[in-house]
Amino acid sequence: MTDFIRPFNQIHISDTAIVGGKNASLGEMITSLSSAGIRVPEGFATTASAFWYFLDSNKLREPLHKLMDQLDKTDFSNLSQTGEQARQLILSATLPRDLAEIIQHTYFNLCMPGETVAVRSSATAEDLPQASFAGQHESYLNIHGGDNILKAVKDCFASLYTNRAIKYREDQGFPHHKVALSVGIQKMVRSDKACSGIGFTLEPESGFRDIVHLSGVWGLGENIVQGAITPDEFYVFKPTLKQGKDAIIQKRLGTKEKTLIYAEQNSNNSTINIDTPLEKRNRYVLTSQEIELLAKWAIVIEDHYQQPMDIEWAKDGYTNELFIIQARPETVHSHNKKQVITEYSLKKKGKVLAQGEAIGTKVTNGIARILDSPKEADKLQPGEIIITDITSPDWDPILKKAAAIVTNKGGRTSHASIVARELGVPAIVGAGNATGSVREGSQITISCCEGRTGFVYEGKLEYAEKETDVSKITMPDTTQPMLITGDPEKAFQLSMYPNNGVGLMRMEFIITHHIRIHPMALVKFDAIGDPQVKNEILKLTSAYPDKKEYFIEKLSEGIATIAAAFYPKDVIVRMSDFKTNEYANLLGGKDFEPSEENPMIGFRGASRYYNERYKEGFRLECAAIKKVREKMGFQHVKVMIPFCRTVEEGKKVLDVMKEFGLNRQQDPSLEIYMMVEIPSNVLQADEFADLFNGFSIGSNDLTQLTLGIDRDSSIVSDLFSEQNKSARTMISMAIEKAKAKHIKIGLCGQAPSDFPEFTRFLVEAGIDSISFNADALLKGIENIHKAEKHLSLSM
């Protein structure tokens, strides 16, 4: 009879054909990873032999075979009817007494009176041991009592013939009669009293391998899978975690408006969704220590299996212990060996009907089909776009016909998100009221190419698609191509491009889009005059007793995300360079910014950092840099000072930075660069070089100030050109003086990608690096190659 039961502590991954992938993985972790401190709840599994014994005892093999033979395998018109009949055959059958007795006996040995178990399906096929079957079958939670266990086991057996499981096997070419169902019976982790979630040992959108991505909700994790709510999200950087640094590079607070808990034992439902108290909505489900512990476990699991993994975790509300309750291979990025970058871009934008979290980076258009449930599958034509409230595994057969998916609810790890990635179609989740704002049958465009936010546009918009095989791109010999960026949401995707790091990381994007508040409004909150602005700031900073910490944390997370994406290559972060009119647009900014006639050459850049109007705001910027470099371990981050007019001003700024903890004497690895964008920077470059570790030429500002042109003025904009002889002279002088002082010098600007002759000029002058926007990088690399080749031929 032991052929029918296997305790988890006697199961290994090699037993997949006997107990299925899910149970084999649980057994493998208990037997092989417990010594590493990883906790997995105890349990046991019924074997494939037990399933075949059940079918044979009830003479079900032949009737099930006949049912599957009559399935319409073209249109699946009778899928629902066939599945219902197959499930009924199993549910009407009886578990053999000897099988029922050993299941109950093992259950009573596993559990103390009153303890409950999870009963989970784990499909397997002897000839197809690597088949995943993920999410195709049922699980039952909070089960207790011998009779209830047997019922749940039979319900799991019947779930081998859910409509989605039948369709899945047909799609994968798996013979129905060769697939068995193992049932895992596992001690419950009482996450209904705490929290639970899922994790990936890579970044799920880009496939970036050095990240552990965790998400979590209060209560049971089904709310994440179903996409019913937006979970908390945590990004942990593997290399610095292994170094013992503060490796959590990003935390995102989810809405978590519902908490799934177990219903009372006499209830008709096993679980109920209750409203989450406001205090818990505004609190992360995990502490930093718990996040890092789960990330360490995830890395151990990944190393053991030698491939990226998709895990489920849960915290017990009674013991406060964390557990891993499932681990399976990640299926989207781990098998994608192509080094092809496909870039999508809209040729024009239209009216936004809805927006939410973007899944993928694609753009597509089609007819909007609003569906309430999978029962309306006949309404959807291939290539149409599904608009719905929420999806679950029952939607899988219909989702495969869709060109895109839009859901009102859900986050990046919801069911719709996971399926969209697997199918390679764009999705927008958590779009609010898309089912109300998008008209049924209308033509729409789904855009996921604009960063983390995805947009549903009215009408059929034109878009461009460009594919590049980056494995065929060779890097230049001497001149380093680098990136210009500032958006943390695009960092992991951009890191896949050929590059030598980030030559210009603008922090303004993070301040505008993620912080939104003027730093001085956090320093001097009581000085804000507008009560409405005050209320908005209070909302944004509600989780921070010290409002200044909000700015430091958000800015450091944004910088750290970009630093992680390009680790260990140089990432040069430019300190803030808003003009006064731009600063004034931040929340609370109008109370702290002067009105200037010409902000372009006014109170900007270095002049702000030591001025009492902004000095305390600059302190917060320095604190974020210090945290990124010292606590988080990103010492490849360099700092750059913009718009430094005089040598004396440079000395003042460096003194203030030293006062705020960025001291090169105490930290010799810290490098501080200066933007060369004012004629005085060129004329006194040798003196500035004695203060700074390197230069970066800002060709736009240097050109406009050399030629006396306001580049924001459309009237004289046609005179603006980096190709102008005077501008070139300034640039070549700066390069020459930097070389004489043996410090690095680069250039940031559009011209080297637009004009091959300008790139040739820079290469011949001896520039160390050229930084490009992402859309110009590949063309820029091509131009550098041509310039280096021309230089070598002329020597």
Side-chain angles (χ1 to χ4, degrees), residues 210-211 236-250 292 480-486 488 491 495 499-507 510 552-553 555-576 606 609 618-642 644 650-676 685 688-697 738-739 741-746 748 768-769 771:
D210 276 341
I211 287 292
V236 185
F237 189 53
K238 295 177 188 174
T240 49
L241 181 67
K242 292 173 182 175
Q243 295 167 16
K245 297 290 186 178
D246 181 356
I248 304 167
I249 62 170
Q250 207 174 115
E292 292 193 345
Q480 294 187 325
M482 303 179 80
L483 276 160
I484 299 171
T485 187
S495 72
N499 69 84
N500 287 111
V502 177
L504 174 60
M505 200 226 97
R506 300 185 179 108
M507 65 167 62
I510 299 169
I552 295 168
E553 181 168 301
L555 182 56
S556 62
E557 284 181 355
I559 295 170
T561 299
I562 294 174
F566 293 92
Y567 181 89
K569 301 170 187 173
D570 284 354
V571 173
I572 303 173
V573 180
R574 187 181 70 187
M575 306 306 274
S576 67
Y609 304 156
F618 186 59
R619 184 193 293 271
L620 304 186
E621 294 182 31
C622 291
I625 294 288
K626 187 175 173 66
K627 179 178 179 181
V628 167
R629 283 182 47 82
E630 296 179 12
K631 289 188 178 179
M632 303 175 89
F634 295 114
Q635 294 203 325
H636 61 298
V637 167
K638 303 178 190 298
V639 182
M640 186 148 66
I641 304 302
C644 184
K651 290 175 181 177
K652 284 183 182 179
V653 169
L654 291 174
D655 285 343
V656 169
M657 293 177 78
K658 189 184 294 185
E659 178 188 339
F660 294 159
L662 296 180
N663 187 333
R664 287 180 293 182
Q665 282 71 46
Q666 292 177 359
D667 179 8
S669 69
L670 173 63
E671 293 189 11
I672 303 177
Y673 281 38
M674 185 190 80
M675 292 289 293
V676 174
F688 281 111
D690 292 335
L691 298 179
F692 295 98
N693 299 97
F695 292 151
S696 180
I697 300 168
K739 291 294 175 183
K741 283 288 190 175
H742 306 290
I743 67 169
K744 286 188 176 180
I745 184 165
C748 308
D768 291 305
S769 65
S771 299

Can any side-chain N or O of Gln250 pair as donor or acceptor with the backbone N or O of Thr561 at less than 3.5 Å?
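Absent.
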Tell me if a side-chain donor or acceptor on His636 pairs with a main-chain N or O of Ala563 at a distance below 3.5 Å.
yes
For a side chain to side chain contact (heavy atoms under 4.5 Å, CB included) check, start with the C-alpha distance between Arg664 and Leu654, then their side-chain angles and the critical distance, and finish with the verdict.
CA-CA 9 Å; Arg664 287 180 293 182; Leu654 291 174; 3.4 Å; yes
Atom pair [atom1] ([X]) and [atom2] ([Y]), whose distance is rounded to the nearest 0.5 Å:
{"X": "Ile552", "Y": "Cys622", "atom1": "CD1", "atom2": "SG", "value": "10.5 Å"}
{"X": "Asp690", "Y": "Ile743", "atom1": "CG", "atom2": "CD1", "value": "8.5 Å"}
{"X": "Met632", "Y": "Asp246", "atom1": "CE", "atom2": "CG", "value": "5.5 Å"}
{"X": "Lys245", "Y": "Thr240", "atom1": "NZ", "atom2": "OG1", "value": "9.0 Å"}
{"X": "Arg619", "Y": "Leu662", "atom1": "CZ", "atom2": "CG", "value": "11.5 Å"}
{"X": "Met674", "Y": "Met640", "atom1": "CE", "atom2": "CE", "value": "10.5 Å"}

Show your working on side chain to side chain contact (heavy atoms under 4.5 Å, CB included) between Ser495 and Lys569 and close with a plain yes or no.
CA-CA 10 Å; Ser495 72; Lys569 301 170 187 173; over 6 Å; no
Quick one: closest heavy-atom pair of [X] and [Y], and the distance?
{"X": "Tyr609", "Y": "Val656", "result": "O-CG1, 3.8 Å"}
{"X": "Met507", "Y": "Ser576", "result": "SD-N, 3.6 Å"}
{"X": "Cys644", "Y": "Ala606", "result": "CA-CB, 3.8 Å"}
{"X": "Ser556", "Y": "Val628", "result": "O-CG2, 3.4 Å"}
{"X": "Arg574", "Y": "Met675", "result": "CD-CG, 4.2 Å"}
{"X": "Glu621", "Y": "Leu555", "result": "CA-CD2, 4.1 Å"}

If you define the side chain from C-beta out and look only at heavy atoms, does anything of [X] sit under 4.5 Å from [Y]?
{"X": "Ile625", "Y": "Met657", "answer": "no"}
{"X": "Asn693", "Y": "Tyr673", "answer": "yes"}
{"X": "Ile510", "Y": "Glu557", "answer": "no"}

Before we go on, tell me: are the rings of Phe688 and Phe695 under 6.0 Å apart, centre to centre?
no
Report the relative orientation of the aromatic rings in Phe634 and Phe237; use parallel for angles under 30°, tilted for 30 to 60°, perpendicular for over 60°.
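Taking Phe237 first and then Phe634, their aromatic rings sit tilted (interplane angle of 30° to 60°).
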Mind telling me whether Phe618 and Phe660 have parallel, tilted or perpendicular rings, with 30° and 60° as the class edges?
tilted
Would Leu504 and Met482 count as a side chain to side chain contact (heavy atoms under 4.5 Å, CB included) if you check the C-alpha gap in whole Å, the side-chain angles of each, and the deciding distance to 0.1 Å?
CA-CA 8 Å; Leu504 174 60; Met482 303 179 80; over 6 Å; no
Ile572 and Glu671: CA distance, side-chain angles, deciding distance, side chain to side chain contact (heavy atoms under 4.5 Å, CB included) verdict:
CA-CA 9 Å; Ile572 303 173; Glu671 293 189 11; over 6 Å; no
Greater than 12 external heavy atoms within 6.0 Å of Lys652's NZ:
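Atom NZ in Lys652 is not packed in, count stays at 12 or less.
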Surrounding NZ of Lys744 (heavy atoms of other residues, nucleotides or ligands, distance under 6.0 Å), is the total greater than 12?
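No, NZ of Lys744 has 12 or fewer neighbouring heavy atoms, counting only those of other groups under 6.0 Å.
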I need the single residue from Val637, Leu483, Ile559 that forms a side-chain contact (heavy atoms from CB on, under 4.5 Å) with Met505. Which is it?
Ile559
Using side-chain contact (heavy atoms from CB on, under 4.5 Å) as the criterion, point out the one residue from Asp570, Asn499, Asn500 that pairs with Gln480.
Asn500
Results of side chain to side chain contact (heavy atoms under 4.5 Å, CB included) for Gln666 - residues two or more places apart only
Asn663
State plainly whether the residues Lys739 and Asp768 are in salt-bridge range, i.e. N to O under 4.0 Å.
yes
